[in-house]
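Here's the structure, in structure tokens; my notes come after.
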Amino acid sequence: MRVDVFSIFPAYLEPLDQSLIGRARSDGVLDVRVHDLRDWTNDRHRTVDDTPYGGGAGMVMRPEPWGEALDWLAESAEGLDPPTPHLIVPGPAGTVFTQAMAARLAAEPWLAFACGRYEGIDERVIEHAASVMPVSVVSLGDYVLNGGEVAVLAMVEAIARLVPGVIGNAESLAEESHTGGLLEYPVYTKPQRWRGRDVPPVLLSGDHQAVASWRDRQRRARTMARRPDLLVPTTTLDLDEFSLGDVGLRNGDVSIAAAVPADAGEILTLARACWLSEARDHDSFAIPALNESIGDVGVWLTQWHTWVVRSHGRLIGSVRARRAGSLWDIGRLMVAPDLQGRGLGRALLAYAEQAAPEDVTGFSMFTGGNSVANLRMYKRAGYQTRGRSTYEGVPTVELHKPRA
Ligand code: 6GU
């Protein structure tokens, strides 16, 4: 694979001489060529930037040096097929770089990277380049770097290690590709005991099945804790158990997924619809779910594991849960008023319970003391009253269920 990098700070790319990438270069597997963009300037000061048309802070990279560098690039194909590279322009306004993108780019014979500095490159350079070669504007993520160089180091490393022959251990690549979108499990090496901390005993058991299942549970727990956005379970609510036919829902119509920030508005709206009957039953509006702003919902979405149930795009149910000591605290269980009494709430509750971490010993919930229908449902699901209290004059019940 050939890789050309254009930058006004070529020294920034020196790490590409190191380690596995450096080895692949000297082995001839990777042909990396780093260029100083100023080699394509014609003035005495080797100028690459100027002030922005329309005003504003900072400087913009002038198009001429880039144009000449791209012309040179197109003439340097040396028999490569196709005779132009795929040009990657790193920038925070780009498409987010992912492992899937790395894998696609690793299959291409020739890549070129155009590192911008300052406020960016004159837009006409991107338009012109796209008229002569494939161009992608790519970002590492939602934060701002001073220039594209560090992003290129990251992208070249992620891409190059997928090129056959760059990594000696093809097995580790194969293993990574089977990780199924979950985070890696924790790893340990010698010594067996370090500063009072032992390696998890299962890893010393020699029981391969037990090790595999421990690692699998670790990966799920980690992903749940650190990247719930990666856990997007889909249609697992089997409608055969529910009597939703009379409201026009059929199997396959209902899906459950981890809530995302954009769900906050619908969750708030559904909560208001759902807790209105509670307000009536308790003759009070002093109910937390009825007194939240959309900002409040946005905040607790970051603090709880929350799931939403949708049918044909409509949000029809939700539940949230989080650890409270050794218990898994479940709350805000809601089902759209027109779909209640059909088992959906019970299914959501079961879903939240099965998502609890391994070491949790039981489940806890709070509800209003006069919520007769809800209390009946929770009792049937195995919950028992653990305590009674009042919240701003409203009777509340704390429910508890030991883990099976
Ligand atoms: Cl690719 N470039 C710059 N300048 N900033 C970034 C980025 C890229 N990705 C995230 N932030």
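Along the sequence shown, residues carry numbers from 1. When a ligand or atom number is given, it counts from 1 through the structure's own listing order.
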(request) Answer yes or no: does atom CD of Gln209 have more than 12 heavy-atom neighbours from other residues, nucleotides or ligands under 6.0 Å? (result)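 Atom CD in Gln209 is not crowded, with 12 or fewer foreign heavy atoms closer than 6.0 Å.
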(message) Going by the rule side-chain hydrogen bond (donor to acceptor under 3.5 Å, both in side chains), which residues pair with Ser371 if we only count those two or more places apart in sequence or in a different chain?
(response)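 Residues passing side-chain hydrogen bond (donor to acceptor under 3.5 Å, both in side chains) with Ser371: Glu278.
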(message) List the residues meeting side-chain hydrogen bond (donor to acceptor under 3.5 Å, both in side chains) with Tyr383, not counting sequence neighbours, and say none if there are none.
(response)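 side-chain hydrogen bond (donor to acceptor under 3.5 Å, both in side chains) list for Tyr383, sorted by chain: Glu353.
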(request) List in chain and number order the residues that pass side chain to side chain contact (heavy atoms under 4.5 Å, CB included) with Arg217, two or more places apart in sequence or in another chain; answer none if no residue qualifies. (result) Ser213, Trp214, Glu358
List below, pair by pair, the N or O atoms of ligand 1 and of the protein that are less than 3.5 Å apart, including the distance to 0.1 Å; reply 'none' if no pair qualifies.
residue  : atom   : partner : partner atom : Å
ligand 1 : 4 (N)  : Leu145  : O            : 3.4
ligand 1 : 5 (N)  : Leu145  : N            : 3.1
ligand 1 : 9 (N)  : Ser139  : OG           : 3.4
ligand 1 : 9 (N)  : Leu140  : N            : 2.8
ligand 1 : 11 (N) : Tyr143  : O            : 2.4

(request) Measure up the Trp72 and Trp40 rings against each other and bin them: parallel (under 30°), tilted (30 to 60°), perpendicular (over 60°). (result) tilted
(request) Give the intermediate values and the outcome of side chain to side chain contact (heavy atoms under 4.5 Å, CB included) for residues Leu111 and Met155. (result) CA-CA 11 Å; Leu111 302 176; Met155 289 191 255; over 6 Å; no
